[in-house]
Amino acid sequence: MSEGEKGHSSQSLDPKDWQNFRKTAHEALDLAIEFLENARSRPVWRPVPEEVRARLRQEVPVEGQGLDATLREFEELIFPYSTGNTHPRFFGWVHGTGTASGVVAEMLAATMNSNCGGRDHGALYVERSVIDWCRQIAGLPEGAGGLLVSGTSMAALIALGTARQHAIAGVRQQGVAADGGRLTAYTSAEVHESTAKALEVLGLGSGMLRRIPVDSAYRMDTGALREAVRADRDAGLQPFAVIATAGTVNTGGIDDLETIADICAQHGAWFHVDGAFGALCLLDPTLKPLVKGIERADSIAFDFHKWMHVQYDAGCVLVRRGHLLREAYTTRPTYLQSAACGLAGGGEWFCEYGIELSRGFRALKVWFSLKEFGTRRLGECIRRNCDQAQYLAGLVRAAGELELLAEPTLNIVCFRYSDPALDAAELDRLNGDIVADLQESGVAAPSSTRIQGKFAIRACITNHRAIDEDFRILVDGVRSAGARLRPRYAGHAAVESHG
Ligand SMILES: *Cc1c(COP(=O)(O)O)cnc(C)c1O
């Protein structure tokens with residue numbers, strides 16, 4: 001084995017020529033900056049062509065091709081086919097936009113390559129700091145703990161696992177058999193399916209999740225919640241958790257957190273808030289009252305990658321009594337024993353608060369964003385999206401052929417193209433076609449859902465790049481696609497079958 005000059009190993013994976021590497025790396029950064037600077041100039045989304053898919057189905061690369069050729073291949077086969085959520089007219093599902101400086105933060109975190117499972121190094125102090133800021137923003141007391149995770153789905157699993165351990169003392173050793181399958185949980189009919197999935201993974205069963213009906217504002221009917229809890233109690237079951245939603249995916253509805261907190265206190269049930277995007281109403285003083293009561297939660301799950309625009313993936317779980325996280329998850333085998341000082345020191349390790357041992361430095365991009373923009377500016381972007389939802393709802397109301405299907409309370413507008421000549425099933429199909437047409441033409445990317453059984457075009461505005469004109473383009477796009485596609489239905493069936 002020959003050792004190169006300056007002590008470089010010729011066997012290492014480092015570049016042979018750093019000067020050349022620097023050039024390629026700068027080129028890649030320029031590509032990234034150009035992409036974001038001109039986000040508006042591209043179609044929102046484009047399907048991956050069959051030819052490109054075929055070229056991505058490759059043999060295992062036994063011999064490497066080097067960085068330059070790999071970057072060229074990325075540029076050609078991968079880069080043009082992003083999800084589209086960097087575009088100002090991406091309004092599908094609940095996707096954050098990302099930020100330009102997030103690119104820098106991700107690059108620097110990759111450079112440090114920290115493992116945030118534990119030990120004693122700078123990244124952990126950044127994560128602790130980010131969690132403590134979130135604790136303060138949410139109004140939880142000192143002693144609350146938390147963990148950065150991939151997203152709200154993982155946050156819900158960690159939180160409800162903590163609640164399960166709190167409810168069944170022997171569950172870590174004996175499993176759920178320790179309680180004889182008596183735990184029941186409660187949420188609204190508008191719940192995100194990640195909650196049911198968490199209960200399935202935890203062995204509690206989604207069948208034990210009671211889906212309480214909602215009122216006209218799509219909030220959990222708290223009277224019905226009280227009755228369901230009482231009925232289960234009377235039947236010998238143990239109501240152990242209520243999962244409230246702050247910002248439902250369908251309409252942005254926010255449950256009455258204060259009343260739910262009261263009900264939980266009365267029954268000794270764990271109060272979990274799924275605030276994936278809605279919890280961030282905390283950042284704007286005018287929206288904050290909507291989530292009053294969140295400060296009483298036993299646990300909160302939310303995302304940075306949605307309404308705070310931090311790059312994917314980044315979510316957070318906060319637990320009011322932080323020590324309960326440890327009780328649910330800590331294990332310290334001999335190879336992970338901590339020391340009073342040195343690299344193995346540093347107090348409690350994040351691997352004791354969750355499932356994963358090795359963890360990346362997610363906290364850095366969150367820290368960058370909070371430091372660069374501050375909570376006030378991030379809150380203003382959230383507020384602006386809510387104002388834009390009202391603006392879009394106004395455009396829908398003003399267009400004769402469009403119908404608003406739910407009053408927006410937050411940032412989600414559900415509407416449809418309407419035509420008195422079409423029956424209910426035809427309207428559903430037509431609106432499905434309109435959504436697909438807008439996406440495939442690259443004009444805009446709304447998603448869809450059902451509101452009281454009706455197929456809805458759904459615009460969820462978690463986009464700091466969108467301006468008013470983008471909503472006019474969306475509405476014009478829906479109207480023209482509707483007019484163009486409508487003849488496929490409405491009495492034209494006969495024409496088609498003959499032609
Ligand atoms: C997105 C979302 C989730 C799931 O969060 P992920 O970050 O995708 O895991 C859960 N609940 C609500 C209300 C959501 O909007």
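As the structure lists them, so they are numbered: ligands from 1, and atoms in each ligand from 1.
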task: Return the minimal non-hydrogen interatomic distance between Ala481 and Asp437, and the atom names on each side.
output: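 The pair with the smallest heavy-atom distance is CB-OD2, 3.7 Å.
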message: Would Ser150 count as being in polar contact with ligand 1, using the rule that some N or O on each side must be under 3.5 angstrom apart?
response: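 Not met; the criterion fails.
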field: Any N/O pair Asp274/ligand 1 closer than 3.5 Å
entry: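 It does: an N or O of Asp274 is found under 3.5 Å from an N or O of ligand 1.
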- prompt: Between Ser194 and ligand 1, which part of the residue brings a heavy atom under 4.0 Å of the ligand: side chain, backbone, both or neither?
  reply: side chain
With a cut-off of 4.0 Å, which atoms of ligand 1 are near a heavy atom of [X]?
X	answer
Ala276	2 (C), 3 (C), 10 (C), 11 (N), 12 (C), 13 (C), 14 (C), 15 (O)
Gly247	13 (C)
Phe277	15 (O)
Asp303	5 (O), 6 (P), 7 (O)

Nearest protein heavy-atom contact for [atom]: which residue, which atom, what distance?
atom	answer
atom 6 (P) of ligand 1	Thr152 N, 3.5 Å
atom 8 (O) of ligand 1	Lys306 NZ, 4.1 Å
atom 9 (O) of ligand 1	Ser153 OG, 2.6 Å

task: Look at atom 4 (C) of ligand 1 and find which of His192, His95, Met154, Glu190 reaches it with the closest heavy atom.
output: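 Checking each option, the heavy atom nearest atom 4 (C) of ligand 1 is found in His192.
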- prompt: Quick check: are there more than 12 heavy atoms from other residues, nucleotides or ligands sitting under 6.0 Å from CD of Glu142?
  reply: no
message: Here's one to test your reading of the geometry: is the NZ or CZ of Arg465 within 45 degrees of the ring axis of Phe90 and under 6.0 Å from its centre?
response: no
Tell me yes or no: between the side chains of [X] and [Y], is some donor less than 3.5 Å from an acceptor?
X	Y	result
Asn85	Tyr312	no
Ser129	Trp367	no
Gln388	Asn385	yes

- request: Say whether His305 and ligand 1 are in contact under the criterion: heavy-atom distance to a ligand atom below 4.0 Å.
  value: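 The answer is yes: ligand 1 sits under 4.0 Å from a heavy atom of His305.
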- prompt: Centroid-to-centroid, Phe302 to Phe304, below 6.0 Å?
  reply: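 Yes, close enough.
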- prompt: Should Asp470 and Arg40 be marked as a salt bridge (charged side-chain N to carboxylate O under 4.0 Å, His left out) after you check the CA-CA gap, both sets of side-chain angles, and the distance that decides it?
  reply: CA-CA 10 Å; Asp470 291 309; Arg40 181 175 287 284; 2.9 Å; yes
